[in-house]
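See structure below.
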Amino acid sequence: MTRPLLYGAAIFMAALFVAPFVWTLLTAVKTEAELYTFPPSFLPETWRWENFHTAWTKLPFTTFLTNSTIVVVLSTVGQLFSSSLVAFGFARFRFPGRDVLFVVVLASMMIPWDVKMIPLYMQFNFLGWINTLKPLIVPAWFGEAFFIFLLRQYIMSVPMEIDEAARMDGANSWQLYWRIHLPLMLPALVLVGTFQFMNAWNDYLGPLIFLNDQSKYTLTLGLSMFKGLHGQDFISIAAITVVLCLPPLVLFFFAQRYIMDSALGSSVKG
Amino acid sequence: MTVTTDTVVATSSRRRRRPVSHMVPWLFISPWIIGFVAFTLGPMLFSLYMSFFDWPIVGERTFIGLDNYVTMTTLDPQFWESLWITVKFALLFVPLNIAVGFLLALLLNAGLKGTGVLRTLFYLPSVISGVALVTIFSWLYSYRFGVLNYLLGFVGIDGPNWLGDPSWALVAIVFASLWGVGSTMLILLAGLQAIPRELYEAARISGVPAWARTLYITLPMLGPMLLFSIITSIISAFQQLTLALLLTEGGPLGSTYFFAMYIYDNAFKYFDMGYAAAMSWIMFGIVLLLSLAVMKSSSAWVHYEGEVRGKKGDKS
Amino acid sequence: MDLMVRNLRKSFGAVEVLRDIDFHIHAGEFVCFLGPSGCGKSTLLRCIAGLEEIDDGEIRLGGREIDHLPSAKRDISMVFQSYALYPHMTVAKNMSFGLRLNGMPRDEVDRRIAHAAQVLQIEPLLGRKPKALSGGQRQRVAIGRAIVREPSLFLLDEPLSNLDAALRVTMRAELAALHARLGTTMVYVTHDQVEAMTLSSRVVVLDKGSVSQFGPPMELFHRPANLFVAGFIGTPQMNFLPARLLRAHQDRVEVEVEGAPGALSVPLAAPVRLAPGAPLTLGVRPDALTLGLEAGPQVAAKVTLVERLGTESHVLLARPDGTRLTAITDAPRLPGPGATVTAGFAPEAVHLFDETGRALPRCVSPEIAALLDSAPSTAAMAAEKVTEEV
Amino acid sequence: MTKYASTALSVALAGLLPAALAAQEEGTLRLATWDDEESLEIIESIAAAFEAAHPGTDVQIEAYGDGYDTKLSAAMGAGNAPDVMYMWNFPAYAASLMPLNDFIERDGAEMDIDDISPALLDVSRIDGNVYGMPAGFTTHVIFYNRDLLEEAGVAEPEAGWTWSDLREKAAAASDPENQVYGFAVDARPDPYDFEQFYWSNGTQFISDDGTEIDGYMNSPEGAEVLNMFADMIASGEAVALNIGDDVSGSALFRGGNLAMFEGAMWNKGGIDESGIDYGIVGLPAFEGKPVKSAINSSAVSISADTDNPELAWDFVKFFSSPEAVAMRVNDLPVRASVAAETGQADDPMLAPFFEMLEVSEGTSPAFLKHEDWARMQENLSAAIEATMIEGGNAQAHLDDAVRRSARFLR
């Protein structure tokens with residue numbers, strides 16, 4: 001295939017994917033009246049950058065940001081550790097019941113969240129965790145099926161001989177996990193980290209159900225407060241949306257090169 | 001308890017100990033087991049229990065046996081309509097999601113300049129939270145004020161009423177969900193990265209054309225990640241809720257009234273938790289069967305480099 | 001140290017992949033496990049390495065029973081077919097990983113790495129990651145990783161199979177030199193008989209999960225213990241013809257070859273107890289199959305192909321019953337394809353096998369006998385009573 | 001002037017009298033609302049006034065926006081409901097709410113219960129039990145754009161007008177080429193609000209005893225309502241809302257693209273901000289029939305499981321007291337006295353709301369009459385939407401809705 005064709009495709013796709021974001025950004029600096037014109041006005045008459053500040057200070061967004069950060073950081077660390085550990089257990093050992101258990105792992109992805117919610121609420125209420133950030137953090141320390149599955153698939157693409165070599169070198173199972181597989185999983189771990197970060201950052205139902213007090217709210221809950229039963233504050237929603245996108249985007253921009261930096265591949269085969 | 005079963009299976013009559021202790025695998029997966037029992041199994045069984053009740057969110061609960069299941073399959077036309085809509089959606093979404101994700105991953109793997117930026121741009125929509133994405137799409141698709149039809153107008157196309165026309169709304173939702181193809185793309189990209197370059201070089205030297213290299217090297221080597229993407233796509237197709245709930249509210253004329261949304265409505269609009277739980281279990285069953293079928297078929301097309309040896313011995 | 005394997009048995013589920021494995025490798029020996037793919041040679045190696053659990057039998061290294069020990073405690077190093085280098089570690093880290101895990105002091109680790117790197121000539125590569133190495137370099141690193149641990153036994157699983165032909169020859173020589181230098185016992189798995197014949201002092205030939213013959217390379221060639229070894233060792237393959245025992249004498253037998261009138265009198269090293277008329281298989285290596293011989297029993301065959309290789313030529317023949325034969329000759333004038341020729345064989349060049357495939361004790365020429373006797377381990381082998389015939 | 005004076009006085013009185021009684025009632029009171037960020041400030045100031053009057057109490061406001069029902073049902077299902085909460089869907093939640101009859105009987109005189117319109121109390125009454133005290137309300141009216149009507153050369157609407165008047169004016173004002181529409185018809189209205197048109201045309205969704213929908217939901221009068229709206233869309237007099245985009249009528253009105261628009265108090269703030277020159281008039285009537293409006297009330301209820309019913313009741317009482325009601329500027333006062341004192345009842349921009357409240361007494365919304373109404377209503381919504389999309393044929397769609405709903409009436 002010719003390069004120019006590829007570049008053309010790449011630019012076209014990129015434009016397609018960026019358009020919604022640009023549109024949001026432009027909306028954020030418009031006046032409300034400009035939203036409902038036809039033909040649509042792409043550029044605002046005046047760029048009202050103060051919309052960002054206005055939206056941010058309408059509600060205690062700095063508090064929300066702190067809460068979101070705590071949830072995201074703690075849950076991501078926990079998720080990376082626990083899911084990789086469990087994935088390694090499933091990928092590299094044979095034990096009775098393993099395959100059945102793994103189907104259970106898969107199955108646990110398939111339960112609609114809305115039905116689990118009330119029992120979960122009761123349980124967290126019993127533990128005294130309602131209106132704390134714990135329900136949003138602690139479960140991540142026990143691994144999540146999606147990530148376990150993802151990492152297991154990755155580990156299974158690492159030749160078994162690497163493990164055998166390490167075993168012959170005297171590595172026990174923990175060392176095999178910690179010193180061989182964890183570094184090898186790096187690209188997949190960055191993926192998991194990104195996904196978990198995004199899930200926690202954008203989670204709406206969890207915080208809605210488990211948090212009561214505004215001082216505990218996360219950013220998405222704050223965002224949703226611009227949307228009442230009758231009508232919504234489009235400009236503020238757009239402004240906060242843009243702000244909300246930036247941290248994950250910046251993080252992803254720096255993290256993504258590790259996804260490409262797979263040590264595997266050409267290195268293990270002759 | 002688990003350890004005991006393990007010892008029984010080690011049939012060797014000899015004094016010899018296995019190289020790896022029986023306990024070790026269980027230690028590795030113990031976080032998940034604890035988490036599963038604590039945060040999933042209980043709620044799951046509880047919802048199964050609920051499904052045999054007339055369970056309003058507040059007030060009296062009555063045991064009604066299988067009534068919920070009987071009602072939904074024999075008396076409730078919406079159950080079948082929603083199921084059919086969801087199946088249609090899955091049939092459109094799963095192949096497209098995989099295909100687009102794969103093509104984008106290939107594009108990013110082609111070694112173009114500025115790939116880092118492209119990757120970020122492709123992934124951008126996945127970063128935007130569902131609620132915000134919905135707002136954006138309602139502007140894009142808007143019949144009167146929408147950018148999409150405005151742009152289509154330039155090329156002489158009179159755009160359809162995307163969200164207002166029952167025959168277009170589902171398609172519009174499929175397109176909108178494809179904006180979130182970023183995760184599939186990344187997963188497949190990570191898989192592509194793990195394919196040894198030598199395989200391509202060898203094939204190129206033997207004069208295999210590019211399309212054939214993709215078909216005969218890339219796809220088979222990508223097996224594990226493709227399998228993952230297919231199964232998770234199926235699951236997410238069946239659980240599709242946000243877009244239907246916020247973008248079309250199930251309309252027009254119920255044409256995007258997904259199964260998951262009907263579950264949601266039963267739970268939070270009609271406050272009928274028993275019925276919602278029963279529907280969830282039906283959906284759970286369907287998705288589980290589909291996934292198992294895909295898994296089962298996968299042994300024919302997925303190849304694992306590091307498969308644990310002695311698979312046959314596993315059964316004993 | 002010496003490696004002793006006794007009555008080893010291994011199954012994967014219902015499939016028995018190794019049975020009655022029994023041999024003794026002396027300290028300092030270089031032994032190859034040779035056999036076609038699927039014969040169990042890699043599994044046997046992995047059992048010794050501790051990567052597979054054995055179902056029965058015992059493995060002793062230097063007299064110490066190791067079969068119940070985890071791999072790391074067995075004092076064994078292994079070089080994998082794919083090298084299995086740790087992709088995320090530099091060459092130096094790859095080699096030192098095992099040492100560091102065992103808590104070896106830093107300076108000792110450094111000393112050993114430096115030494116191994118010097119021996120293998122990979123000093124400039126120490127800071128690189130495997131990705132940045134060529135196939136041959138990776139091979140050296142894999143060997144380096146094995147030798148720094150200074151084990152009592154090296155296991156090598158087809159270490160040369162991923163290299164190109166020229167590099168393979170070089171590395172073969174280097175491996176031999178390395179063995180000479182280290183003096184450590186080495187066990188080497190290969191399906192390539194050239195490697196086995198050139199490198200090892202003795203060869204374990206495996207067939208369908210059991211040891212077919214264990215002996216020095218020349219012993220396998222000149223005195224194959226059975227049909228399998230006879231057919232497996234030597235290129236082109238030995239020719240086999242159905243035959244029948246006419247009469248057995250003290251030091252020789254008279255044999256009639258199917259389709260070849262007349263009796264062939266074959267000398268034997270020891271008497272056999274077989275009834276006249278017993279079916280035999282007669283084996284003759286291609287270079288001993290003479291075309292157009294005047295005397296003795298001969299078989300008729302049609303030439304199907306002539307391959308001229310310069311110093312010699314291979315003539316491929318087909319008998320009327322479909323049996324295929326190969327003859328090697330250095331005669332300049334050869335019959336063309338389609339011609340019918342007769343092929344004969346010198347009695348002292350033939351191998352005889354009984355109905356079960358076991359070889360009748362062959363009488364070899366004095367020169368060859370001397371060669372076989374000079375092999376270092378023959379005496380020990382005799383003492384060992386290695387009778388592996390199935 | 002009088003407004004501020006009276007408010008200050010009431011706050012002072014309210015603060016002094018119960019303060020002595022409430023001194024020992026301390027603790028945290030959880031208050032759940034569906035308010036968005038804009039209206040939240042009002043609740044916060046009311047809560048602050050309550051805290052000032054009840055030293056030692058802390059009102060924790062929990063605002064869930066449009067996630068309100070999801071949150072509340074999860075909390076109630078798990079038995080951890082807030083002490084006091086906004087409420088409108090009484091049939092769904094009644095089992096978890098505390099009947100207020102005893103409290104009202106005890107304190108009714110003190111709180112001057114007769115000042116509150118009975119029509120508003122009716123909405124929170126089930127089987128004779130009152131489950132919530134109204135704090136604010138709105139009825140439905142027509143907002144009209146003076147400039148657009150003038151341009152079209154038609155007179156401004158006046159109280160007592162009819163739908164044919166409206167259609168005439170709408171037809172005159174419509175100019176779709178220039179994105180100007182005479183009226184807006186919501187293709188997916190909230191059936192709760194939509195029932196006002198059924199009432200105005202002399203019918204209702206479901207029989208008074210809640211056992212029959214055939215002949216009600218699909219009555220000829222009902223079909224007439226649907227067909228009329230569909231016809232307005234088809235003839236170009238009105239623009240259809242909620243088919244293909246989520247641009248709201250109030251947004252179009254604020255943008256000057258809409259001459260007339262049916263709305264409620266919650267639309268008024270935004271319209272005021274837009275600077276459009278507009279007027280308000282009551283809903284039009286169907287020829288020769290009395291006009292009715294839906295009543296949307298914000299009531300506050302007490303959880304049946306609250307640990308502190310007395311404190312919760314104090315708060316509810318305070319919330320519907322004249323001073324708190326006066327603080328709620330985003331909807332209408334439930335107390336006639338407050339409406340009169342603040343002059344709201346005479347304000348031409350508010351009077352039509354009160355007029356609509358007066359004429360709408362005695363209506364009973366469908367959801368109070370049958371526990372499965374929420375499910376039946378889904379079929380009705382589908383029928384309305386289908387009629388609007390198809391441009392008519394209401395009778396068939398309504399018959400279908402009745403047929404699909406029949407199983408809930410068993």
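The chains referred to below are lettered A, B, ... by the order of the sequence lines, with proteins before strands, and numbering in each begins at 1.
To the nearest 0.5 Å, the span separating CD1 on D/Ile61 from CG on A/Asn212 amounts to 13.0 Å.
Annotation for A/Tyr217 and D/Tyr64: closest pair OH-CE2, 3.4 Å, computed over non-hydrogen atoms. Of all heavy-atom pairs spanning A/Met225 and D/Leu40, the tightest one is CE-CD2, 3.3 Å. Shortest non-hydrogen contact noted between A/Ile209 and D/Ala74 is CG2-CB, 3.8 Å.
Neither the backbone nor the side chain of A/Phe124 has a heavy atom closer than 4.5 Å to any heavy atom of chain D. Proximity to chain D (any heavy atom under 4.5 Å) is restricted, for A/Leu205, to the side chain, taken from C-beta onward. Using a 4.5 Å cut-off between heavy atoms, A/Leu221 makes no contact with chain D at all. Contact annotation for D/Ser73: only backbone heavy atoms (N, CA, C, O) come within less than 4.5 Å of a heavy atom of chain A. Both the backbone and the side chain of A/Asp213 come within contact range of chain D, judged by heavy atoms closer than 4.5 Å.
Using a 4.5 Å heavy-atom cut-off against chain D, the contacting residues of residues 54-65 of chain A are A/Lys58, A/Leu59.
Screening D/Glu62, D/Arg30, D/Gln60 against A/Asn131 for a side chain to side chain contact (heavy atoms under 4.5 Å, CB included) leaves a single residue, D/Gln60.
Annotation: salt bridge (Lys or Arg N to Asp or Glu O under 4.0 Å) contacts of D/Asp277 (sequence neighbours excluded): D/Arg146.
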